[in-house]
Amino acid sequence: MGFLVELTDVRVEKERAVVRFLASTALYLLANAFGLLAAAYLLDGFTLRPLGFVVSVLIFTAVETLLGPFVLKMAVRYAPALRGGIALVTTFVGLFLTSILTDGLRIEGATTWVLAPFVVWAFVLVAAILLPMVLFKKVLHESRD
């Protein structure tokens, strides 16, 4: 009987892990969408095209997710002073690659290129803090129990 209980516990933990993963993925996508929209609203040279917006968010999120650990490793190894700015560096690289890989995001002007990573990073941070309180409170609370 104890073996069946352990199997049930493992299954429940896996289900909770999947729910947490899906919730955090949705949160990350929404936060990045919020950051990109804020930059498009606040910066004249930052343009998001409606049809390419979803693709831009997906590419931007994928680039940040995949390159974040790499940028951190490079910073720790070659430029320890950059450790505190990893999120900004990753955001810049994400914006750069997204603007190259999609027609949905265009950044023009040196000032916009300098300000865009700060604006996107700041709004993504705020959204990542506030969205769970609003959207995922029940799901995240249930997954902790």
TODO: Would you confirm whether T102, through its side chain, and T98, through its main-chain N or O, come within 3.5 Å as a donor-acceptor pair?
DONE: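 Not a single qualifying donor-acceptor pair exists.
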TODO: Measure from the side-chain N and O atoms of R49 to the backbone N and O of D103, and report whether any donor-acceptor pair falls under 3.5 Å.
DONE: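 Here the side-chain-to-backbone pair exists.
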Open item on the list: I'd like to know if L66 and V55 are part of one continuous hydrophobic network [Ile/Leu/Val/Met/Phe/Trp/Tyr, side-chain heavy atoms within less than 4.5 Å].
Closed with: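 No, V55 and L66 fall in different hydrophobic clusters.
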Task: Joint cluster assignment, I100 & L48, ILVMFWY side-chain distance < 4.5 Å - done: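 I100 and L48: one cluster.
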If you round to the nearest 0.5 Å, how far is [atom2] of [Y] from [atom1] of [X]?
X    : Y   : atom1 : atom2 : value
R106 : S56 : CZ    : OG    : 11.5 Å
L131 : L29 : CG    : CG    : 11.5 Å
N32  : I59 : CG    : CD1   : 13.0 Å

Task: side-chain contact (heavy atoms from CB on, under 4.5 Å) partner of L42, chosen from V119, V120, L115 - done: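 Testing L42 for a side-chain contact (heavy atoms from CB on, under 4.5 Å) against V119, V120, L115 leaves exactly one candidate, V119.
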Open item on the list: Name the residue from L95, V89, L88 that meets the side-chain contact (heavy atoms from CB on, under 4.5 Å) definition with W121.
Closed with: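 The residue from L95, V89, L88 that satisfies side-chain contact (heavy atoms from CB on, under 4.5 Å) with W121 turns out to be L88.
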- [ ] Keeping to residues at least two apart or across chains, list the ring pair (Phe, Tyr, Trp, His ring centres under 6.0 Å) pairs with something in residues 88-107.
- [x]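 Matches after skipping sequence neighbours: F92-W113.
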Open item on the list: Enumerate the ring pair (Phe, Tyr, Trp, His ring centres under 6.0 Å) contacts for residues 24-51, please, sequence neighbours excluded, ordered by first and then second residue.
Closed with: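 Pairs touching residues 24-51 that pass the test: F34-F123.
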- [ ] Please name the pair of heavy atoms, one in P132 and one in A127, separated by the smallest distance, quoted to 0.1 Å.
- [x]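 Nearest heavy atoms, P132 then A127: CD-O, 3.9 Å.
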Task: Trace of the side chain to side chain contact (heavy atoms under 4.5 Å, CB included) decision for L105 with T47 - done: CA-CA 6 Å; L105 173 68; T47 308; over 6 Å; no
Open item on the list: Show, in sequence, the C-alpha distance, side-chain angles and deciding distance for T91 and F60, and conclude whether the side chain to side chain contact (heavy atoms under 4.5 Å, CB included) test is met.
Closed with: CA-CA 8 Å; T91 300; F60 179 71; 4.0 Å; yes
